[in-house]
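Let me begin by presenting the structure, written as C-alpha cells, before commenting on it.
All values derive from a computational prediction rather than experimental measurement.
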Amino acid sequence: MYDAEPRLAMVSSTDEQRWHEALLQAPVREPQLRLWTYRAPGVVFGCSQAALLNQARSRPSGCELVQRSSGGGAVLTGPWMLSTSILLPPDHRLLAGGTVTSYRWLGVLIAGLLRDMGVAAHALSPADVRGSTADPALGWACFGGLSPWEVVVDGRKIVGLAQLRRRHGVLLTSGTLLARPDWTLLCDTLDRPAGDRAALERRTTSCEEALGSAPLVEGFASALHQMLTDVLGVHPVPLSNPLPTHSVAA
C-alpha cells in the first residue's frame with residue numbers, strides 16, 4: 001500500500017544510490033517516485049570517475065564519497081539540494097523519442113515550478129546548449145556544464161538532470177539548488193584549484209540567490225511532488241522500504 005501523503009526522505013547519498021540500485025534489480029511495472037534531501041554533504045561521482053573518487057578517498061574529507069551507476073560529473077549533495085528520483089518502465093510514454101527527449105518534460109516541469117515561485121528559470125533546448133560556451137576546466141563537475149533540458153536562470157545552472165537506463169527500467173533524477181552550495185568543500189575534497197570554485201559560483205545560482213532567501217525544502221518538495229504525481233499518476237514508494245531513511249512530512 002502506498003502512503004497517501006507527500007513524503008520527503010532525509011538520507012545520506014549512499015542511501016539514495018542504494019535505493020536506485022535496489023529498485024532496478026527487478027522489472028519496473030509502474031512509475032515510482034521519491035524526493036530527497038540530505039543530512040550532511042556528500043560527493044556523488046559519475047560511473048566513469050573511479051580515478052577521481054580514489055584520489056578523493058586518499059585525502060582527508062569532510063563529506064561522504066559515493067559512486068553512482070549513471071554518467072556525468074561529480075555532484076555535491078547536501079542540505080541545499082532537493083533531489084527527485086523517478087523510476088519508469090522501459091516502454092513508458094514519457095520515454096518516447098530517445099534519451100535526450102526523455103528529460104524534456106522533467107526540466108520543463110521544474111522550470112515552471114520555479115517561475116511560479118518568482119525565479120526566472122527556463123529549461124535549455126538542445127539548440128540552447130549548442131549555442132552556449134562550455135568551460136573545459138569544469139568538465140569534472142556536473143554543475144560546471146550544461147545539458148539539454150537542464151534548468152538555468154540568466155544562463156546560470158540551477159537544476160541538474162541525470163538518467164540511467166537498464167533492461168528493467170529507466171531512472172530519471174534531478175537536483176535543484178535551493179540554497180548556495182559549499183563549492184569550496186567540493187573543490188577542497190577533489191583537490192581542485194581555487195579558480196574552479198570561483199568558476200562554479202559564476203556558472204550556477206540557487207533559489208536563495210534569486211529570491212533573497214532559500215525556500216523551505218518541505219514546501220518546495222510538496223509543490224514538486226504534487227506536480228510530479230499529476231503527471232505520473234503515482235504516490236511515493238511505500239514507507240516500509242527497507243533502506244534506512246528518516247522521512248518528514250512534506
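Under the 6.0 Å distance and 45° angle rule, R197 does not count as a cation-pi partner of W183.
Interatomic distance, L186 CG to C142 SG, rounded to the nearest 0.5 Å: 10.5 Å. Separating the CD atom in E209 from the CG atom in L178 is a distance of 13.5 Å, to the nearest 0.5 Å.
Side-chain atoms of S69 and C47, non-hydrogen and from C-beta on, never get closer than 4.5 Å to each other. Side-chain atoms of L232 and L94, non-hydrogen and from C-beta on, do get closer than 4.5 Å to each other. Taking the side chain as every heavy atom from C-beta outward, S125 and W149 approach each other to under 4.5 Å. Taking 4.5 Å as the limit, every side-chain heavy atom of R68 sits out of range of all side-chain heavy atoms of S13.
Partner of V153 under the side chain to side chain contact (heavy atoms under 4.5 Å, CB included) criterion, chosen from V159, L177, V119: V119.
V152 and V100 end up in different hydrophobic clusters when Ile, Leu, Val, Met, Phe, Trp and Tyr side chains are linked at under 4.5 Å.
Centroid-to-centroid, the aromatic rings of W19 and W36 come within less than 6.0 Å.
Every side chain to side chain contact (heavy atoms under 4.5 Å, CB included) that R29 has, sequence neighbours left out, goes to P27.
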Test L113 against T176 for side-chain contact (heavy atoms from CB on, under 4.5 Å), laying out the working first.
CA-CA 11 Å; L113 174 58; T176 301; over 6 Å; no
